[in-house]
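Written below as structure tokens is the structure these notes are about.
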Amino acid sequence: MDLLHGALDMLVLRTLAGGPLHGYGIAKAIRTTSDDTLNIEFGSLYPSLKRLELRGWISSKWDTSDQNRQAKYYRLTATGRKQLSQQHSEWTEFAAAVARVMGPLPRGAK
Amino acid sequence: VTIWRRLKYLIPSYRRREEREMQHELESLRAMAEHNELGNLTLAAENARAVWGWNSIDSLGQDLRYAFRTLLRHPRVTGVALLSLAFGIGVNTLVFTVVNAMMFRPMPYPEPERLVKIGSLSRANCTYIRENIDVFEHFGCYTDATSGSFADLDSADPTSERVFGLRLTAGAAQALNVQPILGRWFNAAEEREGADRVLLMSFSLWHRRFFDSPDVLGRVIRFDGEPTTIIGVMPEEFEFVALNGDFWVPIRSSASDAQTTASNLGAIARLKSGATVAAAQAAMSAVDALDAKGGSAVQGRRIELRSIEKADVNPLADSGQSLLVLQGAVTFVLLIACANVAGLLLAQGTTQQKEMAVRTALGSGRWRIFRQLLVHGALLSGFGGTLGVVLGFWGVRVLTNALPAGLPRPVYSMHLDARVLALAIALCAICALLVGIAPALKSSHADPLDAMRDAGRSATAGVSRQKLRSGFVAGQIALAFILLVSAGLMINSLYRLARAPLGFDPEDLVTIQIELPDAKFRQPSKIVLASGALEMNIHPQIYRTTEDIRERLTTIPGVTAASGIAIFAPLSGSLNLPVRVDSAMPNAPDRAQFLPVLPDYFKTLQVRVIAGREFNSGDRLGTMPVAVINQAMAQRFWPSGSAMGKQVQVDTLLLPNQPVREIVGIVDEIMQYAGQEARPQLYLPYAQLSPQHDERLSNELRHLTFVARTSQPVAQITPAIRSAVAAVDAGQAISSIETMRDTAYHSLQRRRVYFGMLGSFAVIAVFLAVIGVYGVMAQVVSQRTNEIGIRMALGADHRQVRGLIVRRGAWLIGIGLVAGVFGALAITRVIRSALFGVAPTDPYTFLAAAAILGSIALLACYVPARRASRVDPMLALRHD
């Protein structure tokens, strides 16, 4: 659970690093950036936003969208930015380590 | 930050705002996204609320509402539970208020840790310490407790009152650093001989005699017969170290040598800030060294110095044990109350079992159900506790009005304070756990399948709960029995005490208390006694005066005889002094009550003179020293043969150079205090006491109680008594005139209050335990309705059904009583010292208690049994 929460929170933070987005925008951005590999349930994404907001890593504000619609926009706070850079380096180290262990499969392995 | 925000979520309006905002946001997103692209938004919102931690807030609210509804839905159960808890917590609040007033009082001085107490110093020591020792910021001396007569001749009430207090120096007051609420402390100039006499009085004396009037300052009253100016009133909570006094007057210095060397002073000092007790102790050895060199009267003595402790301020005396007993009693009451409530909740749990099972089956967590029951218990305890505190508050008021005189002072000003409330809250929490946990454990462990089947239709519903509840009831009976036996033993003692022969006839006897003024009848000599105290000379005029008053009293029409006794009147106490018989060395230090009396004492009290004669006016200084003893003393010292004509001598430092006295009479025992049994008593003629005494004893000897035998009512004869005393000395005030009956009644007042409290606790305990029995039996009946129906359908008659239920109850009560008997045998030993004329295992009291408790409890079984026997078999069979 923690890993899942953690990973999702990290993805949200990373997505918001590109600029403020509303909830739907975040979901779409993650989907497109991952080439449709990560299709995150909104039911999980939304609580993640609330959790990050509660921790003070992101903040929200009502604003007008491109289509002239009212939406709540989330942006990274200073602490959120710090948190992201820390989690980012931890994640890259972790991913690289996993990649090294996994490597290409030896011949004969099914 | 997170915690702060979560705390804000506890505010409902804030939560509603957040909720609206969230719904608004989700609505806007739905509008943006394609149909169903975002999935279940309700779930998203629910998950968000979980993130905020609202679920637990909501469910706690639900639990509270649910518990509240349950309480309202079962008004009878709730009523009984609240009543039980209110009594349980109420009596505990009451007793703790007393304990709180007695034991947990802060010391009534600022920075008490800097105060030290120094033992037996001479006047010279004090002067030396004041001038040469620099560890003390303030230093002052005081005398032993002393009594004086206090009279305000100019007021409407000119009676004199015997008051206790202290003489001290201005330095002692400075060391304590407590300021009068009115007026001022005296200064060093007022300690000099010849200065105007001044006095500070206690709050209670001010209240008693001057009704809190501020005009009292500067008023001149008679203190020990001397005109004295009132210069201050001390705050209510003030007391001098270990002594509850009503007055504080300066030690007046005189030029006499003897007074400067007698080591009869205590001292109190405030250490300079930073100075240690050890340093002060070291400084005292310099004083010791000086004393040794100067050839002090008391050789090889070391001056004792120690910090002031709580014990110095709060002498618990003998009330410690009675407080412990009361504390134990109310703990029992609380346990019984908790068992009642837990039993009720258990029963309620049985009827709610189906509901619980449904909730469990629908996925309600065990923890949730457990918590639900705890919340229920907490709510009950909260309400019950509130009622209990109100009850306790009322109890404290009732008790305060019933308190007899002579208890440690703090008890009179007891009140419910923050500490008592904190205890009440703690008790509520404990009760919540105690009453909540048993049903909670039972319910949350129930297997939903079993429960639904069980609660559906069964003759043996909730068997394990029933067992638990029966256990509670047996325990309640046992505890109630122990309390009832203890109270019974005490009431039995009180009854015996009130009927115990006093040794004299208290009817038609009037007592007149008189305090002979110090200044007139006492004079310090120039001798320091071996005890370190100063020798006092009694003016021989005192014998003349007392005899004159006695003779005047006998001439009052309607008075058949009159006499008097010094120090303690019958039923008011005794002073025991070492005695020596037949000039032999005392093998063991034997003591006898020291009772100086006037002529015709036994005739006036109508005490049988078994052998010999009583004192007459011929027994005075210069004639043969004589004594009269009681039979207990005769048997103790001369078990074989007659005591008549034998020799006896009072052998104490308090009364030096006592002559060997010849025993001229033997009398029956007179009770000097309630419950006295076969104590050696030594009577001697007041007029035959040598005029030289230790100052402390001479202080007691000027306190006289005259007794007059008359059939006239006390109010009618009072004017004649007043004029008889005034005829001897117009300035002599009278402290009190009352009947001996009243004295006898007052002598038991303290026990009456103590036993009264214990008795009421026992009654409450029995009442609560009987409610417990009734509750469990009613439950048995309602759960066995089905079975009863079958039995009746098969031909059982009303009597058999009733017998079935009552037998079951009797069995429980029997177990409880047996356990109670063993418990009581173990516990009543604790109260042995409070008993009189009855053994702590007195079989009659045990039998009576068992009969009373057993029959009331059986009656409580009979009511539900009767209901059971009236059951309509057809209805019963359909009952689920």
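Letters A, B, ... mirror the listed sequences (proteins, then strands); counts begin at 1.
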Distance-only polar pair, side chains of B:Glu19 and B:Gln23, donor-acceptor under 3.5 Å: yes
Contacting region of A:Phe42 [heavy-atom separation from chain B under 4.5 Å]: both
Heavy-atom distance under 4.5 Å between the side chains of B:Arg49 and B:Glu46, does that happen here? yes
ring-ring contact (aromatic ring centres under 6.0 Å, His included) pairs, two or more places apart, involving residues 20-40 of chain A: A:His22-A:Tyr73
So, taking the atom named NZ in A:Lys28 and the one named OG1 in A:Thr33, what distance separates them when rounded to the nearest 0.5 Å? 11.5 Å
Select one option (side chain, backbone, both, neither) describing which atoms of A:Gln70 are under 4.5 Å from chain B's heavy atoms. backbone
Side chain, backbone, both or neither: which part of A:Ala71 has a non-hydrogen atom closer than 4.5 Å to chain B? both
Output the residues of residues 81-88 of chain A for which the shortest heavy-atom distance to chain B is under 4.5 Å, in residue-number order; output 'none' if no such residue exists. none
Determine, stepwise, if the pair B:Glu18 / B:Arg15 fulfils salt bridge (Lys or Arg N to Asp or Glu O under 4.0 Å). CA-CA 5 Å; B:Glu18 289 280 283; B:Arg15 277 210 309 276; over 6 Å; no
Looking at A:Thr77 and A:Gly56, would you say the former's side chain and the latter's main chain have a donor-acceptor pair under 3.5 Å? yes
Go through the side-chain N and O atoms of A:Trp62 and B:Glu21 and say whether any donor and acceptor fall under 3.5 Å apart. yes
